[in-house]
K.L.:
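Quick one: this structure, given as structure tokens, is what I'll be asking you about.
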Amino acid sequence: MRRIGLVSLCLFLLALGCGGDATQSGSEEPSSATSPTDGVETTATVPEIVEFVPGPLGAVEVAPGEEIQIRSVNSITGDVASLGTPNQRGVELALEDYGPVAGRAVSLGTPLDDLCSPDGGQAAAQTVVADPAVVGVIGTTCSAAAVAAAPLISNAGMVMIAPSNTSPALTSDLAGTPGSAYQPGYYRTSHNDLFQGRAVALFVRNHLGFERAAAIHDGDPYTQGLTEAFAGAFEELGGEITTFTAVNKGDTDMIAVLTEVAAGGPQAVFFPIFMPEGGFIVQQVGGVAGLEDATLIVSAALLVDNFMELAESEGVYISGPDLRFGSNSNSITGRTAEGLLAEYVASYGEEPSGGYWGHAYDATVMLLSAIDRVAVEVEGTLYIDRMALRNEMGRSSLDGIIGPISCDEYGDCGSQRITVLYNTDPRNIEVGKNNVVFDFAP
């Protein structure tokens, strides 16, 4: 593109110097540029681009009349659908609000399911990269799926922006070192769990005043990364991690693990795992001697209706993104947080069951607007350069439903504010979702 611009400038200057026309073959009706020369105006033609030179990752060509293709990959079946379905709906609402991109309609294709698992993420990514017309992906819901999907999507030259992945492995350690699963072209509007781990540690150590805590994960990048972040921060604050252990995905009997935890005498137990395993823990913990008075703390993986409706979830603390969107609005679509929530309810007949619908909306708008800025039309064909799109995504800066959005060099783009909620009444979960008892704004 730089070479084309230089050639165009040279032709323009040549035309001015010679006082003649420099019209390229195939150009449309020339536009005029006047330059006074001894009182006489001369008119030169400003050449248009007649050739597109793609960057090192290639480009997507959208023929006249065709749609721009993007895809959504979220957990939309099974127990984790309570988290992923609101993400999918946030994507759909953003597409509707944004409208055409570079004069073209945008197709989301068939929503893909990441199953909140490595296998699901890999299978969905294989479907995506099999279609070279796809420009970018919104997803995944779960970090475990992202770790498997991101290499395939990155190697295909595509971009991927996630609304609810939070594992530090996917971006960085916040000190300039890329995470073990970092891939070029990966971005997210969700927070980095190094912030959430510290927020929970501060809550347990300083707000609750506890000295001893246990942590339970299930072995995937999200749960293990978050429990490690919590444990490290808690020990830095002078606390003691009495037990650091794991359950397996698919386990239903949690008594053995809870008995192991009880042996350490923790005052608090932090288990940032998903349904249904998280539900089994709260339902069985009351029968384990030594944990009758332990304070239970979970994460946004369980900030979902099917957990908060359980009678045993009453009195559980839930950490996660700050959902007090207040008067926030998306600076590109103009949609307010209040208006988006109202449209969500009107469109789908219920409140969002998970906490990342606003993040998904903003992620989609971020992708669409970046495509809009880099797309080039030549003789009716739209060209979207893949490397240019990556660079533009990294430069994105906007106000979103979730707050200010701008990206660091490893793709952390969203608000890092964390809150802790207290689930007071499972019969009225919307009260619990708004009952903030602690917040952390790094």
Side-chain angles (χ1 to χ4, degrees), residues 72 74 82-99 108 138-139 141 161-166 187-192 195-196 199 299-301 303-305 308 318-370 372 393 396-407 412-423 428-442:
S72 173
N74 279 290
S82 287
L83 189 63
T85 297
N87 291 359
Q88 173 66 29
R89 292 171 173 177
V91 174
E92 294 167 356
L93 293 172
L95 277 176
E96 183 178 340
D97 281 352
Y98 193 94
L108 194 58
I138 302 103
T141 297
I161 180 163
S164 55
N165 299 164
T166 56
Y187 307 88
R188 64 183 175 199
T189 50
S190 46
H191 59 264
N192 185 315
F195 290 113
Q196 185 174 191
S299 71
L303 182 59
V304 290
D305 291 0
M308 297 182 71
I318 306 173
S319 66
D322 189 348
L323 302 181
R324 297 172 297 178
F325 298 148
S327 60
N328 290 355
S329 64
N330 187 284
S331 57
I332 293 176
T333 65
R335 175 71 79 175
T336 65
E338 183 179 11
L340 179 60
L341 180 58
E343 183 62 30
Y344 186 107
V345 174
S347 297
Y348 303 108
E350 61 182 7
E351 298 272 347
S353 58
Y356 290 98
W357 52 278
H359 297 74
Y361 182 95
D362 287 339
T364 307
V365 171
M366 182 175 158
L367 174 60
L368 297 177
S369 60
D372 228 341
M393 288 284 286
S396 294
S397 179
L398 65 145
D399 290 328
I401 298 295
I402 64 172
I405 295 172
S406 61
C407 301
D412 274 319
C413 305
S415 171
Q416 305 296 340
R417 294 181 63 94
I418 306 297
T419 60
V420 177
L421 312 174
Y422 185 65
N423 192 24
N428 189 348
I429 57 178
E430 294 308 317
V431 171
K433 288 181 180 179
N434 290 282
N435 187 28
V436 174
V437 295
F438 180 82
D439 63 5
F440 175 67

K.L.:
Looking only at side chains, do Asp362 and Asn330 share a donor and an acceptor under 3.5 Å apart?
P.N.:
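Asp362 vs Asn330: donor-acceptor pair found between side chains.
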
K.L.:
For Asp322, what residues pass the salt bridge (Lys or Arg N to Asp or Glu O under 4.0 Å) criterion, not counting sequence neighbours?
P.N.:
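With sequence neighbours excluded, Asp322 shows a salt bridge (Lys or Arg N to Asp or Glu O under 4.0 Å) to Arg324, Arg417, given in chain and number order.
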
K.L.:
Identify the heavy atoms of Ser190 and Gln416 that sit nearest to each other, and give their distance.
P.N.:
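Shortest heavy-atom separation between Ser190 and Gln416 comes out as O-NE2, 4.4 Å.
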
K.L.:
Taking the side chain as everything from C-beta on, heavy atoms only, tell me whether Asn74 gets closer than 4.5 Å to Pro163.
P.N.:
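Side chain of Asn74 against side chain of Pro163, heavy atoms only: contact under 4.5 Å found.
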
K.L.:
What are the two closest non-hydrogen atoms of Gly414 and Ile402, and how far apart are they?
P.N.:
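It is CA-CD1, 4.2 Å.
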
K.L.:
Distance-only, no hydrogens or angles: does the Asn165 side chain make a donor-acceptor pair with backbone N or O of Thr141 under 3.5 Å?
P.N.:
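Between the backbone of Thr141 and the side chain of Asn165 there is a qualifying donor-acceptor contact (under 3.5 Å).
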
K.L.:
With under 30° as parallel and over 60° as perpendicular, where do the rings of Trp357 and Phe325 fit, or are they tilted in between?
P.N.:
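Plane angle over 60°, so perpendicular.
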
K.L.:
Identify the two heavy atoms, one from Met393 and one from Cys407, that lie closest to each other, and give their separation to 0.1 Å.
P.N.:
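Closest heavy-atom pair between Met393 and Cys407: O-SG, 3.6 Å.
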
K.L.:
Would you check, one step at a time, whether the test side-chain contact (heavy atoms from CB on, under 4.5 Å) holds for Leu323 with Leu421?
P.N.:
CA-CA 10 Å; Leu323 302 181; Leu421 312 174; 5.6 Å; no

K.L.:
If every non-hydrogen atom of Ser331 is compared with every non-hydrogen atom of Leu398, which pair is closest and at what distance?
P.N.:
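Taking every non-hydrogen atom into account, OG-CB, 3.6 Å.
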
K.L.:
Where do Pro404 and Asp399 come nearest, in terms of heavy atoms and distance?
P.N.:
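Closest heavy-atom pair between Pro404 and Asp399: CA-OD1, 4.0 Å.
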
K.L.:
Would you give me the side-chain donor-acceptor pairs under 3.5 Å for residues 334-341, sequence neighbours excluded?
P.N.:
unit_1	atom_1	unit_2	atom_2	d
Arg335	NE	Asp97	OD2	2.9
Arg335	NH2	Asp97	OD1	3.0
Arg335	NH2	Asp97	OD2	3.4
Thr336	OG1	Gly339	N	2.9

K.L.:
Does a donor on one side chain and an acceptor on the other come within less than 3.5 Å for Ser396 and Tyr187?
P.N.:
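Tyr187 and Ser396 do not have a side-chain donor-acceptor pair below 3.5 Å.
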
K.L.:
Should the pair Glu92-Arg89 be classified as a salt bridge under the 4.0 Å nitrogen-to-oxygen rule?
P.N.:
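Answer for the salt bridge query: no.
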
